[in-house]
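The model shown is predicted, which means the values in this text are computed figures rather than measured ones.
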Amino acid sequence: MSKGRTSRRRKKRAERNKVEAEVEKKNILFQKWLKEKFAYKPTSLRIASCGDGGGNGVFARKAIPSGDPIVSIPRRLMIGVHEVTVHSALIASILAYLRKLDDEDLFLTTVQILALFLIEERRKPLEHGASTSFRPYISMLPHTFTHLLYWNDEELGCLSPHLSHKAANIRNKVTHQLDHLNLILLNMRRSTSSMTPFDDVTWKEYIWAWCCVNTRCVFSDHQASRKLRGGMRKTTEDNYYLIPFLDMLNHHPQADVQAKYDAKSQHFQLITLSMCHKYDQLYIKYGEHGSLDLLLEYGFVPTPDPISNLNDCIEVDFNQLCAAFKVDDPSTKCLLFEVIMERRLHEDLSFIIHTGPSWSLIVCCILLANLQHNNLLKKTSRQLLALICSGKTIDQKPPQTGSSITHVMKGNLLEFVMKKLMETRRLLVKCGEHDSVQMTFLARYYEIIALILDQSRAFVTDECSQFAAVTLLNK
C-alpha cells in the first residue's frame with residue numbers, strides 16, 4: 001500500500017474521530033441540560049452516531065419488552081406555543097402586539113412561532129445563561145437538511161413535472177410564511193420602542209427552523225381545549241410539539257410502535273409493540289406515509305429492502321388518463337368526471353405497489369375505452385358503471401371497432417404505463433449524473449416508481465389477470 005493512500009486513510013480516520021468526539025461532547029451537555037432544566041434522565045437509552053452519514057440515533061442500553069414505553073417524556077419537556085411564550089419574551093411581546101392591533105391580516109401560526117423560537121435561541125451567544133438557554137438542545141439539531149428546500153437548481157432539475165409542481169408549492173408556502181413573519185417584525189420595530197431589536201429572519205435561518213419543526217414535531221391533543229392565544233390563526237398544526245430527546249429517534253416504515261399522551265402520568269409515551277433487544281437502534285414511525293410524502297415532507301426515502309413500503313403508489317391525474325385514451329373533448333371529460341365522482345372513484349386513481357392498478361383506475365379506464373370511439377352520453381356511462389359495480393358482464397363491443405372494451409382498455413393503459421416507465425428511467429439516469437445524498441433519495445424514489453410501473457405492466461399484459469375476465473366484481 002502506498003504511503004499516500006495510508007496518509008489519506010489516517011487523515012480521514014482522524015477527522016472522523018474528531019467529529020465523533022464533538023458529537024459526544026454535545027451529547028453530554030444535552031443530557032446534563034435535560035437533567036438540570038427538566039429533571040429528565042433516560043437511563044435505559046443512549047444517543048449515538050448511526051454511521052455512514054446517518055446522523056444520530058437512539059439505542060437501547062437494555063432489552064425492552066413488548067408493551068413497555070421506549071420513551072416516556074414528561075409534559076414539562078413538550079415545547080408547544082404555550083410553553084414558548086413562557087420561555088421567550090420576544091414571542092410573548094409579538095403576540096401581545098398582534099392581539100392589541102387586532103388586524104385579521106396580521107397573525108402568526110404555530111409553525112411560525114415554533115420556528116421563530118428556534119431561531120431566537122440559535123442566535124443567542126454560547127455563553128448565554130444555562131438556566132434559560134435552549135442552546136444544548138439546539139446544538140443537537142441538524143445543521144442542514146436534505147429537504148427539497150435545500151436543493152440547488154441542478155438537483156431540482158432532476159424532478160419530474162409532477163414533483164416540480166409540488167416542490168414549488170412547498171417553497172411558495174414557506175416563502176409566504178417568512179415574508180409575513182418579517183412584515184410583523186418590521187411593524188413592531190417601527191411602532192414599539194420597548195421591543196428588544198430583532199433583525200429580519202433570513203431565508204437560510206427560516207428554512208432551517210421550518211425543517212426542524214416540520215420534520216421533528218409530534219402531534220398531541222392534550223391541550224386541544226385550551227383557547228388559542230390572541231394574535232394567532234387557527235391551523236391544523238396547532239397541536240404540534242417539539243419534544244427534546246424523543247425527536248432524536250429516526251423513522252422506520254416498519255417500526256412497531258404506538259405514540260400517545262398518557263393523561264394519568266402526564267407523559268408523552270412511545271410504546272413498543274414488539275420486543276426490543278439490547279443495543280438495538282430504536283425507531284419511531286411518522287405515520288402511514290408513502291415514499292412520495294416522505295420525500296416531500298421530510299426530505300428522505302427509506303430503502304425498500306428488505307420490505308417494501310406498502311403505502312407506496314402512483315397517483316394518476318384524470319386529465320392525463322383522458323389524454324391517453326384520446327378523449328379530449330372538454331364537455332365529454334366533464335360529464336365523465338361527474339359520473340366517476342358519484343361513486344368517489346376519483347379519490348383512488350392509482351397504481352399500487354405489488355397490486356397494480358386500483359379498482360377505481362380499472363373502472364375509469366373501462367369507461368374511457370367505452371367513450372374512445374363513441375359519442376356516448378353521460379347516461380350510457382352511468383349505466384355501464386352501474387353494470388360494473390353490480391358484477392354484470394361487460395363484454396359488449398363498440399359498434400365502430402372489432403375489439404371488446406377490455407381489449408381497448410388494456411391497449412391504452414399499457415401504452416400509458418410504458419410511457420411513464422420510460423420517463424422514470426430517463427429521470428433515473430439524470431439522477432446518476434449528480435453525487436449527493438439528495439439525489440440518492442430521489443433515485444431511490446424513482447426506482448420504487450419504476451418497480452410499481454413494471455408490476456402494473458405485468459398485470460395489464462397477464463392473460464390470467466383480472467383484465468382477461470369479462471366480469472369485474474366490485475371490490
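- At least one donor-acceptor pair under 3.5 Å links the side chain of Thr85 to the backbone N or O of His82.
- For Asn182 against Val201, the heavy-atom pair with the smallest separation is OD1-N, 2.8 Å.
- Using a 4.5 Å cut-off on side-chain heavy atoms (C-beta onward), Thr175 and Asp179 make contact.
- Annotation for His354 and Leu310: closest pair CD2-CD2, 4.0 Å, computed over non-hydrogen atoms.
- Leu349 approaches Cys364 most closely through the heavy-atom pair CD2-CB, 3.9 Å.
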Checklist entry - Taking it one step at a time, do Leu186 and Arg190 satisfy side-chain contact (heavy atoms from CB on, under 4.5 Å)? => result CA-CA 6 Å; Leu186 176 63; Arg190 288 175 173 174; 3.7 Å; yes

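- Rounding to the nearest 0.5 Å places CG of Leu321 at 9.0 Å from CG of Leu336.
- Every residue two or more places apart in sequence or in another chain that forms a side chain to side chain contact (heavy atoms under 4.5 Å, CB included) with Lys260 is listed here: Gln269, Ile271.
- Counted within 6.0 Å of NZ on Lys100, heavy atoms from surrounding residues, nucleotides or ligands total 12 or fewer; the atom is thus considered open.
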Next on the checklist: Run the side chain to side chain donor-acceptor pair (under 3.5 Å) test on Ser160 and Glu423 for me, step by step, so that the C-alpha distance in whole Å, both residues' side-chain angles and the decisive distance to 0.1 Å come before the verdict.
Outcome noted: CA-CA 9 Å; Ser160 66; Glu423 291 173 353; over 6 Å; no

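- Residue pairs satisfying the side chain to side chain donor-acceptor pair (under 3.5 Å) criterion with at least one member in residues 435-446, sequence neighbours excluded, are listed as follows: Glu155-Ser436.
- Looking at Pro302 and Asn309, their side chains never come closer than 4.5 Å, going by heavy atoms from C-beta outward.
- With Asn250 contributing its side chain and Asn56 its backbone, the two residues share a donor-acceptor pair below 3.5 Å.
- Every residue meeting the side chain to side chain contact (heavy atoms under 4.5 Å, CB included) condition with His277, not counting sequence neighbours, appears here in chain and number order: Met275, Asp280.
- Using a 4.5 Å heavy-atom threshold, the side chains of Tyr137 and Leu242 count as touching.
- Between the side chains of Ser360 and Glu347, no donor-acceptor pair is found at a separation under 3.5 Å.
- The aromatic ring centres of Phe300 and His251 sit less than 6.0 Å apart.
- Although no hydrogens or angles enter the test, the distance criterion places a donor-acceptor pair under 3.5 Å between the side chain of Asn412 and the main chain of Val408.
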Item to check | Check against salt bridge (Lys or Arg N to Asp or Glu O under 4.0 Å), Asp200 and Arg189 | outcome: CA-CA 10 Å; Asp200 279 358; Arg189 286 196 297 268; 2.8 Å; yes

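- In this pair, Phe337 and Phe318 present their aromatic rings tilted. The plane angle is within the 30 to 60° band.
- Between Tyr240 and Phe219, the ring-plane angle classifies as perpendicular under the 30° and 60° cut-offs.
- The line from OG of Ser456 to CG of Leu451 is 9.0 Å long, rounded to the nearest 0.5 Å.
- Here Cys322 contributes atom SG and Asp317 contributes atom CG; the two are 8.5 Å apart, rounded to the nearest 0.5 Å.
- A pairwise comparison of heavy atoms in Leu413 and Cys365 identifies CD1-SG, 3.8 Å as the closest pair.
- In this structure, Glu154 CD and Met439 CE are separated by 10.0 Å, a value rounded to the nearest 0.5 Å.
- In this structure, the separation between CG on Asp68 and CG on Leu273 is 11.0 Å, given to the nearest 0.5 Å.
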For residues 282-290, run the donor-acceptor check on the side chains, cut-off 3.5 Å, and write out each pair with its distance to 0.1 Å, sequence neighbours left out.
from: Tyr283; atom 1: OH; to: Gln281; atom 2: NE2; distance (Å): 3.1
from: Lys285; atom 1: NZ; to: Pro253; atom 2: O; distance (Å): 3.2
from: Lys285; atom 1: NZ; to: Glu288; atom 2: OE2; distance (Å): 2.9
from: Glu288; atom 1: OE1; to: Asn311; atom 2: ND2; distance (Å): 3.0
from: His289; atom 1: NE2; to: Tyr286; atom 2: O; distance (Å): 3.3

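- Remark: the Ser291 side chain and the Asp312 side chain contain an N/O donor-acceptor pair separated by less than 3.5 Å.
- For Phe441, the ring pair (Phe, Tyr, Trp, His ring centres under 6.0 Å) test picks out no residue, with sequence neighbours left out.
- Residues Leu361 and Phe351 have side chains in contact (heavy-atom distance under 4.5 Å, counting atoms from C-beta outward).
- Outside the 6.0 Å centre-distance limit, the rings of Phe325 and Phe416 are not counted as a close aromatic pair.
- Figure legend: cation-pi geometry between Arg123 and Phe198, with NZ or CZ positioned under 6.0 Å from the six-membered ring centre and within 45° of its axis.
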Could you tabulate the donor-acceptor pairs under 3.5 Å formed by side-chain atoms of residues 142-151, not counting sequence neighbours?
from: His143; atom 1: NE2; to: Lys26; atom 2: NZ; distance (Å): 3.4
from: Thr146; atom 1: OG1; to: Gly299; atom 2: O; distance (Å): 2.5
from: His147; atom 1: ND1; to: Leu149; atom 2: N; distance (Å): 3.1
from: His147; atom 1: NE2; to: Leu296; atom 2: O; distance (Å): 2.8
from: Tyr150; atom 1: OH; to: Trp208; atom 2: N; distance (Å): 3.4
from: Trp151; atom 1: NE1; to: Thr146; atom 2: O; distance (Å): 2.9
from: Trp151; atom 1: NE1; to: His147; atom 2: O; distance (Å): 3.4

Next on the checklist: Working note: His267 + Ile73, criterion side-chain contact (heavy atoms from CB on, under 4.5 Å); need CA distance, chi angles, decisive distance, verdict.
Outcome noted: CA-CA 5 Å; His267 279 60; Ile73 306 289; 5.7 Å; no

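- The nearest pair of heavy atoms linking Ile138 to Arg122 is CG2-CG, 3.9 Å.
- Proximity of Arg75 to Phe268: side-chain heavy atoms (C-beta onward) are nowhere separated by under 4.5 Å.
- Leu116 CG to Glu121 CD: the interatomic distance, rounded to the nearest 0.5 Å, is 10.5 Å.
- Aromatic ring pairs are classed by plane angle as parallel below 30°, tilted from 30° to 60° and perpendicular above 60°; the pair His180 and Phe107 is tilted.
- In plain terms, the two heavy atoms of Ala115 and Val213 that are nearest each other are N-CG2, 3.9 Å.
- Residues Met188 and Ile94 are in side-chain contact: their nearest non-hydrogen atoms beyond the backbone lie under 4.5 Å apart.
- With Ser93 contributing its side chain and Leu90 its backbone, the two residues share a donor-acceptor pair below 3.5 Å.
- Judged by distance alone, the side chain of Glu297 and the main-chain N or O of Leu294 form no donor-acceptor pair under 3.5 Å.
- Side-chain contact between Ile352 and Ile452 is absent, with no heavy-atom pair separated by less than 4.5 Å.
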Checklist entry - Going through the checks in order, is the side-chain contact (heavy atoms from CB on, under 4.5 Å) test met by Val363 and Arg343? => result CA-CA 11 Å; Val363 174; Arg343 300 271 183 167; over 6 Å; no

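- Taking a 6.0 Å sphere around CD of Glu415, one finds it holds 12 or fewer heavy atoms contributed by other residues, nucleotides or ligands.
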Checklist entry - Given Met140 and Ile47, is the side-chain contact (heavy atoms from CB on, under 4.5 Å) satisfied, shown in steps? => result CA-CA 10 Å; Met140 294 296 289; Ile47 299 173; 4.2 Å; yes

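- Using a 4.5 Å heavy-atom threshold, the side chains of Ser358 and Asp348 count as touching.
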